[in-house]
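Here's the structure we're looking at; comments come further down.
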Amino acid sequence: MNRIILASHSKLASGMAETIRFFGGGEVEVLEQELRDTGFDARAEALLSRYANENCIVFTDLYGGSVNQCFFRLLAKYHFHLITGMNLAVILECMFTTQTIDEAFIHQAMEGAHQQFAYMNDVLKQALCDEDEDD
C-alpha cells in the first residue's frame with residue numbers, strides 16, 4: 001500500500017491535502033512545521049515509524065528547507081521515497097495509481113510534471129505566431 005505524506009512549513013500541506021480531496025483523492029498524512037516549532041523532528045520520525053511497513057512517499061515543500069532537511073536525515077534510518085518541491089500534478093498521479101510506487105514511477109511522474117510547467121505568456125505568443133503562419 002502506498003502512504004502519501006505531505007510535509008511543509010505553515011499550512012501548505014493542509015492546502016494541498018484539501019485540493020487533493022477536491023479532485024477526489026483519498027486521505028493523506030499532513031505534517032506542518034509552525035513558527036518556533038521545536039517538536040517537528042520528533043513528529044516526523046514518529047510518523048515514519050508508524051508507517052514503517054508501508055510504502056511511504058513523502059513530499060516536502062522546499063529543497064534545502066528545514067522540513068526537507070529533517071526528512072533527508074531520516075532517509076538513513078527509514079526506507080521511504082522523498083520528493084521535494086511539492087507539486088500537485090505529481091501528488092495526484094501518486095494518489096490515483098493502483099500500482100506500488102517505486103523509483104521508476106516517481107521519475108516518470110516528475111517528468112510528466114516538467115512538461116506541465118510553462119510560462120503561459122510564451123504559450124500565447126507561440127499560439128498567435130502559429131495563427132499568423134496559418135493565414
Side-chain angles (χ1 to χ4, degrees):
M1 172 182 177
N2 298 315
R3 172 73 56 186
I4 306 297
I5 300 171
L6 306 178
S8 71
H9 298 87
S10 191
K11 302 295 180 194
L12 180 62
S14 295
M16 288 292 247
E18 186 64 29
T19 302
I20 290 164
R21 285 189 288 278
F22 173 83
F23 284 106
E27 290 300 311
V28 297
E29 292 290 330
V30 171
L31 186 63
E32 295 172 326
Q33 184 178 47
E34 298 298 327
L35 197 60
R36 298 183 190 93
D37 188 344
T38 58
F40 183 82
D41 289 8
R43 291 196 321 275
E45 185 159 8
L47 189 61
L48 290 173
S49 178
R50 182 177 340 136
Y51 298 117
N53 294 324
E54 295 186 36
N55 187 37
C56 291
I57 302 89
V58 178
F59 291 90
T60 63
D61 54 359
L62 291 171
Y63 183 96
S66 57
V67 171
N68 189 63
Q69 288 178 31
C70 169
F71 279 96
F72 185 71
R73 285 189 299 272
L74 292 169
L75 276 173
K77 187 173 181 180
Y78 297 92
H79 176 74
F80 63 98
H81 302 281
L82 178 59
I83 303 167
T84 193
M86 198 177 283
N87 178 283
L88 182 60
V90 176
I91 296 169
L92 287 173
E93 195 158 342
C94 290
M95 286 297 304
F96 288 113
T97 189
T98 56
Q99 70 185 65
T100 300
I101 295 171
D102 59 10
E103 287 181 32
F105 182 93
I106 291 169
H107 286 290
Q108 180 183 5
M110 290 175 67
E111 183 59 35
H114 281 281
Q115 294 171 6
Q116 294 181 28
F117 195 69
Y119 181 47
M120 294 305 292
N121 296 55
D122 289 342
V123 173
L124 176 61
K125 287 176 192 173
Q126 185 61 49
L128 293 173
C129 286
D130 291 346
E131 282 180 12
D132 288 344
E133 290 174 6
D134 290 341
D135 291 338

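- Taking the side chain as every heavy atom from C-beta outward, Ile5 and Leu48 approach each other to under 4.5 Å.
- The CZ atom of Phe105 sits 12.5 Å away from the CE atom of Met110 when rounded to the nearest 0.5 Å.
- Once rounded to the nearest 0.5 Å, the distance linking SG of Cys56 with CD1 of Ile101 reads 10.5 Å.
- Its side chain outside the 4.5 Å cluster rule for every partner, Leu62 clusters with none of the Ile, Leu, Val, Met, Phe, Trp and Tyr residues.
- Cluster annotation: Met95 and Ile57 are assigned to the same hydrophobic cluster (Ile/Leu/Val/Met/Phe/Trp/Tyr, side-chain heavy-atom contacts under 4.5 Å, transitive).
- Using modelled atom types, no side-chain atom of Glu32 and backbone atom of His9 make a donor-acceptor pair closer than 3.5 Å.
- The heavy-atom pair separating Glu34 from Asp37 by the smallest distance is O-CB, 2.9 Å.
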Item to check | Worked verdict on His81 versus Asn55 for side-chain contact (heavy atoms from CB on, under 4.5 Å) | outcome: CA-CA 8 Å; His81 302 281; Asn55 187 37; 3.4 Å; yes
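- Thr100 places a side-chain heavy atom less than 4.5 Å from the side chain of Asn2.
- Counting only heavy atoms from C-beta outward, the side chains of Leu6 and Asp61 never approach each other to under 4.5 Å.
- Grouping the Ile, Leu, Val, Met, Phe, Trp and Tyr side chains by contacts below 4.5 angstrom, directly or via other members, places Ile83 with Leu88.
- Applying side-chain hydrogen bond (donor to acceptor under 3.5 Å, both in side chains) to Gln33 and the options Ser66, Ser8, Ser10 leaves one that passes, Ser66.
- When hydrophobic side chains of Ile, Leu, Val, Met, Phe, Trp and Tyr are connected at separations under 4.5 Å, Met120 ends up clustered with Val123.
- No side-chain heavy atom of Phe117 sits less than 4.5 Å from a side-chain heavy atom of Asn87.
- Across all non-hydrogen atoms, the minimal contact from Ala17 to Val30 is CB-CG2, 3.7 Å.
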Next on the checklist: Before you tell me yes or no, could you show the steps for Gln126 and Asp130 under side-chain hydrogen bond (donor to acceptor under 3.5 Å, both in side chains), namely the whole-Å CA-CA distance, both residues' side-chain angles and the distance that decides it to 0.1 Å?
Outcome noted: CA-CA 6 Å; Gln126 185 61 49; Asp130 291 346; 2.8 Å; yes
Checklist entry - For Cys94 and Phe59, what are the C-alpha separation, side-chain angles and deciding distance, and is it a side-chain contact (heavy atoms from CB on, under 4.5 Å)? => result CA-CA 11 Å; Cys94 290; Phe59 291 90; 3.9 Å; yes
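- In this structure, Glu27 does not pair ionically with Arg3, as no charged nitrogen and carboxylate oxygen lie closer than 4.0 Å.
- By the rule that hydrophobic residues join a cluster once side-chain heavy atoms approach within less than 4.5 Å of another member, Phe22 and Ile91 end up as members of one cluster.
- Residues Ile106 and Val90 form no side-chain contact, since every pair of their non-hydrogen atoms from C-beta on lies 4.5 Å or further apart.
- A pairwise comparison of heavy atoms in Phe40 and Phe71 identifies CZ-CE1, 4.0 Å as the closest pair.
- Shortest non-hydrogen contact noted between Glu29 and Tyr51 is OE2-OH, 2.7 Å.
- Contact detail for Ala89 and Gln116: the closest heavy-atom pair is CB-OE1, 3.5 Å.
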